[in-house]
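Everything on this sheet refers to the single structure shown next.
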Amino acid sequence: SSGINAEWPLRPGEDFMEKLMNELSGLTKANIHSIMAVENDVIRLFNIMDHALHELCRLEDIMVRYEDELNEDLIRMEETLQSYQKQQIRNDNTRKLHDLLTELLDQITFSETTSDILMSMP
């Protein structure tokens, strides 16, 4: 008991058990304050996590909306490309037809000219 008294001296007239109870009471109050502080920290953490989850849901909604818009844009681009390809084919066909008609007209004109020359000969 002399070791305890050396580390934890009693004032004159102070009872060891009374001092021990006061010390334990102080520690209990300190523990309660620590527990309450931890509870407050946990509540703050849950609030932060709830806010973060809300933001994630909001971002997911934005991503879904943009994904839908992107898909619509891709469909429009494919339709435009198909339309362009069809127009290109029509243009190519028109050019080929024009070239063929020009060639036929040249042949007809050549034939008529040759026929005129042959008929004018004595």
Side-chain angles (χ1 to χ4, degrees):
S1 94
S2 64
I4 290 178
N5 284 340
E7 294 173 22
W8 209 39
L10 295 172
R11 281 184 253 124
E14 188 175 26
D15 179 47
F16 174 78
M17 288 306 288
E18 184 182 329
K19 180 167 183 153
L20 182 61
M21 292 304 289
N22 285 339
E23 192 68 25
L24 289 174
S25 173
L27 290 173
T28 301
K29 287 177 186 172
N31 282 344
I32 288 172
H33 285 298
S34 293
I35 290 170
M36 289 172 67
V38 168
E39 280 181 348
N40 288 337
D41 288 345
V42 168
I43 289 169
R44 261 195 308 277
L45 181 62
F46 273 117
N47 286 337
I48 289 169
M49 290 174 68
D50 186 53
H51 180 71
L53 185 62
H54 174 74
E55 286 298 309
L56 280 174
C57 289
R58 198 174 66 79
L59 285 173
E60 185 181 19
D61 289 344
I62 290 170
M63 287 173 61
V64 166
R65 190 171 67 240
Y66 282 135
E67 184 180 15
D68 290 346
E69 288 178 13
L70 181 62
N71 286 335
E72 290 171 8
D73 287 346
L74 285 173
I75 290 170
R76 277 196 299 277
M77 286 175 62
E78 286 174 359
E79 290 170 350
T80 301
L81 181 61
Q82 287 173 357
S83 173
Y84 173 77
Q85 288 170 337
K86 286 177 184 174
Q87 184 63 42
Q88 194 68 33
I89 290 170
R90 277 196 297 272
N91 289 344
D92 287 349
N93 288 342
T94 301
R95 185 182 43 75
K96 287 175 185 173
L97 185 61
H98 178 266
D99 291 349
L100 182 62
L101 286 173
T102 302
E103 187 180 327
L104 282 173
L105 188 62
D106 286 348
Q107 286 179 5
I108 290 172
T109 304
F110 177 76
S111 292
E112 287 178 350
T113 305
T114 305
S115 173
D116 286 350
I117 290 172
L118 288 174
M119 288 183 77
S120 67
M121 292 181 134

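Each residue takes its place number in the sequence, starting with 1.
Side-chain contact between Phe16 and Lys19 is absent, with no heavy-atom pair separated by less than 4.5 Å.
Here Ile75 contributes atom CD1 and Leu70 contributes atom CG; the two are 10.0 Å apart, rounded to the nearest 0.5 Å. For the atom pair OG of Ser25 and CG of Leu20, the computed distance is 11.0 Å after rounding to the nearest 0.5 Å. If you take CG on Asn93 and CZ on Arg90, they are separated by 9.5 Å, rounding to the nearest 0.5 Å. Rounded to the nearest 0.5 angstrom, Leu105 CG and Thr109 OG1 are separated by 4.5 Å. Distance CD/Gln85 to OG1/Thr80: 11.0 Å, rounded to 0.5 Å.
Remark: the Asn91 side chain and the Gln87 side chain contain an N/O donor-acceptor pair separated by less than 3.5 Å.
Listed by chain and number, the residues in a side chain to side chain contact (heavy atoms under 4.5 Å, CB included) with Val38 are Val42 (sequence neighbours excluded). Residues passing the side chain to side chain donor-acceptor pair (under 3.5 Å) test with Asp73 are Arg76, sequence neighbours excluded. The side chain to side chain contact (heavy atoms under 4.5 Å, CB included) search around Asp15 returns Met17, Glu18, not counting sequence neighbours. Legend: residues meeting side chain to side chain donor-acceptor pair (under 3.5 Å) with Asn47, ordered by chain and number and at least two apart, are absent.
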Less than 3.5 Å apart, which donor and acceptor atoms pair up between the side chains of residues 95-104 and the rest of the protein, not counting sequence neighbours?
| from | atom 1 | to | atom 2 | distance (Å) |
| --- | --- | --- | --- | --- |
| Thr102 | OG1 | His98 | O | 2.7 |

Donor-acceptor pairs are to be reported for all side-chain atoms of residues 55-63 against protein atoms at under 3.5 Å, with residues two or more places apart or in another chain.
| from | atom 1 | to | atom 2 | distance (Å) |
| --- | --- | --- | --- | --- |
| Glu55 | OE1 | Arg58 | NE | 3.3 |
| Glu55 | OE1 | Arg58 | NH2 | 3.0 |

